[in-house]
> 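I'd like to ask some things about the structure below.
Note on naming: letters A, B, ... go to the chains in the order of the sequence lines (proteins, then strands), and numbering restarts at 1 for each one.
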Number of protein chains: 2
Amino acid sequence: MASRSHDTSRLDNTLAVIRSLRDKGPVARVDLGTLNGISSATVTSISADLLQQGLISERPPDMPRPNERGRPKTLIQLAPEAACVICIKLSINELQLVVGDYAGQITHSEHHSIDTLGLSQEALVTLLKDKTAAVCDLALTRHRRLAGICLAVQGVVSSHSGTLIWSPALSFRNAPLAALLEAHFDCPVLLENDANCIASVLATQPAYADHPNLVVIMLGYGIGMSVLIDGKPFLGANGSAAEFGHSKYQPGGALCACGKRGCIEAYISDYALYRQASEVIELPAGDSAHPSESQMQALTQLALQGQPEAQRIFAEAGRALGYGLGNLLTLFNPDLVLITGSGVRGYPAMHDAMQTAIDEALVPELVGSTRIASCPWDRDMTCLGGIAMTLQATDQQILAG
Amino acid sequence: MASRSHDTSRLDNTLAVIRSLRDKGPVARVDLGTLNGISSATVTSISADLLQQGLISERPPDMPRPNERGRPKTLIQLAPEAACVICIKLSINELQLVVGDYAGQITHSEHHSIDTLGLSQEALVTLLKDKTAAVCDLALTRHRRLAGICLAVQGVVSSHSGTLIWSPALSFRNAPLAALLEAHFDCPVLLENDANCIASVLATQPAYADHPNLVVIMLGYGIGMSVLIDGKPFLGANGSAAEFGHSKYQPGGALCACGKRGCIEAYISDYALYRQASEVIELPAGDSAHPSESQMQALTQLALQGQPEAQRIFAEAGRALGYGLGNLLTLFNPDLVLITGSGVRGYPAMHDAMQTAIDEALVPELVGSTRIASCPWDRDMTCLGGIAMTLQATDQQILAG
DNA sequence: ATATTTATTTTAGCGACTAAATTAAATGTC
DNA sequence: GACATTTAATTTAGTCGCTAAAATAAATAT
């Protein structure tokens, strides 16, 4: 209801400049002006402030002179050392810690194998504190300050309250992890869903930049989803992300890790595929309830190479996926659906059945113009997104000094 | 990407003042200041402009003097005659035309019985033009200008493009109705989904004002839905509203009016209930594919009074509704779901089965704190919402003169 | 050496806001 | 009934942030 009390355009424009620099790398003042719809006089004024604060630096353009007349551009760029953020990615049996600089680039990354399901809440918090403190010490030798920490987890989180509601990687629920970490580090701690992190990265990529309403589906051990509306993650009432994996495919159907029956996840997640396959095919030994990357690789290979039982299982998964996407298109009507995650390796074996299921479920008028595509998977993407979100969230504080 | 090029706060604040006056009725300048977070000096300046344009008027407070000291407030109010909008509600076999004044109040309303399904696109457009022109002549005797026209229809519309994609009231599809009407009236024409209109009204009601993420489900001949995110209707990529009624309950299930099988609408809409009931119960004669209000009243009475077959049918509808709501909660996670529409009369007979279905489908953690409630139905509500949306959309033009 | 081109900075001025001072219009008090 | 008090609305003075235009800077072209 209440609009802002006075002109906030200086702050808005300053943040816009910082974000342009982060997205595009070094840019000249004129270009920052046209990019953000402000005069270059204003950019001069803003960049003078930022230079004085040590948040940006000037540098000559890369190319010596590509044959153009006129005064050469002076590029300005974010000073990487001005701040850093730490992103902690928590997934099943693995912890990844990454340091990002003020420009959003990864400057350090480490992986730890952890029995996440065996941890109590206290043990997890202690572990996170210790690992983070060590990384923080390292990071502060190269950066002026720690701007924020992002905990990116698979599962359902309430970002507003910083509470982890449920994660397949953990055996406890409803943990106020952000507050517990904030108590030990003198900076904001964000708790984010991993799919939202990835979606935030994809949305900035030029290939998808013209699709402001974007849905990202992550296939893997669980099924993640993120919905971006006008480029911003859609969070429900309590700040928890939309949970595509637990929308229903078959009332009373297959058992899901969440305890209910018929969830889409119970048909297309790694554990669901492996569970079905291990009943009918000879597969590498291992914990079939938590199949490893190599176990899944083996199974996927069979399906892609035409093993009939495996093909059938992946086709059924494709049907469930298509059915769920049908509901998703009906309800959200996005421009683009991107399917990614480690499970995207099996997507070719699901594709045809998926498309058939969508065609069965929807009249063409309702499908609208939504494009469905897959997208290769990179294990650092989550942390890149977490870094981007954390910087975005803390830019104003960094600016304030 | 591009932020505004310079300070737009005067326009923003002026619009905020106008909207406050429309929402709250006459308000004093001081109160407009605190309400919108601006100084009263600014309100003085803004209201002087508006007075000069004849968009507002001053008046002494209602109560002569309730025993307070100090200079009495001078209330300012929107001048009803400053402009008007026309809202045309198109539903199955009925056309309603309503005139709203600049303050958002209904000043004229008329209903016409029309065989909507028998109309060609040309016939409909001619009809709309004629009826609207007549109402417009009347309205312009009392208002300085026609600010806009809103066509509120049941069905799927693309608001951005002003195209009607599909409506149960019409036998043709993909009609650019907004453009066709705009060609004959010298004002903007909005095409809106009826559920979005209603949701916009409900969202401003004090009882629901603290639920910015609101889902409204309309039960009736068809099933409508509107999702408000931060108080604004969520439109998908092409501007068409989310279609709850055509999300799926049973793959390959009952036949829906859209031509596909298993849609929720095929279980809980008026025609679905009546179709099932007429097979097993003796019911008033009539077109069972398009049951009238009185036919539905009769059927609903049976269910509410305990007739076993009717009860069973409504309970099954409740199950389908609950199942659909489960997916909705999983995906949108709203603060509040309001169930309304003419079909809400049968809600008590659906409620228990609905609740059971939700409990079966969702783990409590995922349900979050969403409240589900029903809400009495008023046939003028759609037009009130259409008027409000049209005024909101045209306020800036009215201001420009 | 000078003209041209393009980038950046400086200057001058404008629009919009706020805080504080002033004016307006009541009620209370003695 | 005169004067103090209270609250509302307006006026005044001053600040902030932006832009357009002018000035300056730094290159290439002739």
> Using the test side chain to side chain donor-acceptor pair (under 3.5 Å), find all partners of A/Thr107 that sit at least two apart in sequence or belong to another chain.
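A/Thr107: no side chain to side chain donor-acceptor pair (under 3.5 Å) contacts found.
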
> Sequence neighbours left out, what passes salt bridge (Lys or Arg N to Asp or Glu O under 4.0 Å) with B/Asp378? Give chain and number order.
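With neighbours one apart ignored, the set is empty.
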
> Answer with yes or no whether the side chains of B/Thr14 and B/Asp49 bring together a donor and an acceptor at under 3.5 Å.
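Distance-only check fails for B/Asp49 and B/Thr14.
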
> Check every strand shown and say whether A/Ser45 touches a base, only sugar-phosphate, or nothing at a heavy-atom separation below 4.0 Å.
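Since no nucleic acid heavy atom lies under 4.0 Å of A/Ser45, the category is nothing.
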
> Separation of B/Leu32 atom CG from D/dT7 atom C1', in whole Å?
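About 16 Å, once rounded to whole Å.
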
> For A/Arg29 and C/dA7, what is the distance between atoms CZ and P respectively, to the nearest whole Å?
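These atoms are roughly 13 Å apart.
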
> Check salt bridge (Lys or Arg N to Asp or Glu O under 4.0 Å) between B/Glu81 and all other residues, then give those that pass, not counting sequence neighbours.
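Partners of B/Glu81 under the salt bridge (Lys or Arg N to Asp or Glu O under 4.0 Å) test: none.
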
> Evaluate whether atom CD of A/Gln396 has more than 12 neighbouring non-hydrogen atoms of other residues, nucleotides or ligands under 6.0 angstrom away.
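No - once you tally the heavy atoms of other residues, nucleotides and ligands closer than 6.0 Å, there are 12 at most.
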
> Closer than 4.0 Å, any side-chain N/O of A/Thr42 to the OP1 or OP2 of D/dT19?
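Result: yes.
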
> Closer than 4.0 Å, any side-chain N/O of B/Asn13 to the OP1 or OP2 of C/dA16?
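For C/dA16, OP1/OP2 do not have a side-chain N/O of B/Asn13 under 4.0 Å.
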
> Which residues pass the salt bridge (Lys or Arg N to Asp or Glu O under 4.0 Å) test with B/Arg144, not counting sequence neighbours?
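For B/Arg144, no residue satisfies salt bridge (Lys or Arg N to Asp or Glu O under 4.0 Å) once neighbours in sequence are set aside.
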
> Whole angstrom is fine here: how far is it from NZ in A/Lys73 over to P in C/dT8?
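Those two atoms, NZ and P, are 7 Å apart.
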
> Calculate the interatomic distance between A/Asp31 atom CG and C/dT6 atom P; express it in whole Å.
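The distance from CG of A/Asp31 to P of C/dT6 comes to 13 Å, rounded to the nearest Å.
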
> Kindly point out which of D/dT19, C/dG28, D/dA27 is positioned nearest to the side chain of B/Arg69?
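Selected nucleotide: C/dG28.
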
> Quickly work out the A/Glu58 CD to D/dA25 P distance and round it to whole Å.
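After rounding, the gap between these two atoms is 15 Å.
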
> What residues form a salt bridge (Lys or Arg N to Asp or Glu O under 4.0 Å) with B/Arg145, not counting sequence neighbours?
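So B/Arg145 forms no salt bridge (Lys or Arg N to Asp or Glu O under 4.0 Å) with any residue.
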
> Check the phosphate of D/dC16 against A/Arg10, side-chain N and O only, distance under 4.0 Å to OP1 or OP2. Yes or no?
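No.
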
> Any protein N or O atoms within reach of nucleotides 20-24 of chain C? Criterion: under 3.5 Å, listing atom names and distances.
| residue | atom | partner | partner atom | Å |
| --- | --- | --- | --- | --- |
| C/dA24 | O4' | B/Arg71 | NH1 | 3.4 |

> From C/dT9, C/dT18, D/dT10, pick the nucleotide closest to the side chain of B/Ser40?
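So the side chain of B/Ser40 is nearest to D/dT10.
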
> Rounded to the Å, how far apart are B/Ile46 CD1 and D/dT11 C1'?
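Spelled out: CD1 on B/Ile46 to C1' on D/dT11 is 16 Å.
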
> Find the distance B/Ile38:CD1 to C/dA16:C1' and express it as a whole number of Å.
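After rounding, the gap between these two atoms is 11 Å.
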
> For A/Glu68 and D/dA26, what is the distance between atoms CD and P respectively, to the nearest whole Å?
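Nearest whole value for this atom pair: 18 Å.
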
> OP1, OP2 of C/dC17 versus side-chain N and O of B/Ser39: anything below 4.0 Å?
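No, no such contact exists.
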
> Out of D/dA27, D/dT10, C/dT8, which nucleotide sits closest to the side chain of A/Pro72?
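Per side-chain heavy atoms of A/Pro72, the pick is D/dA27.
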
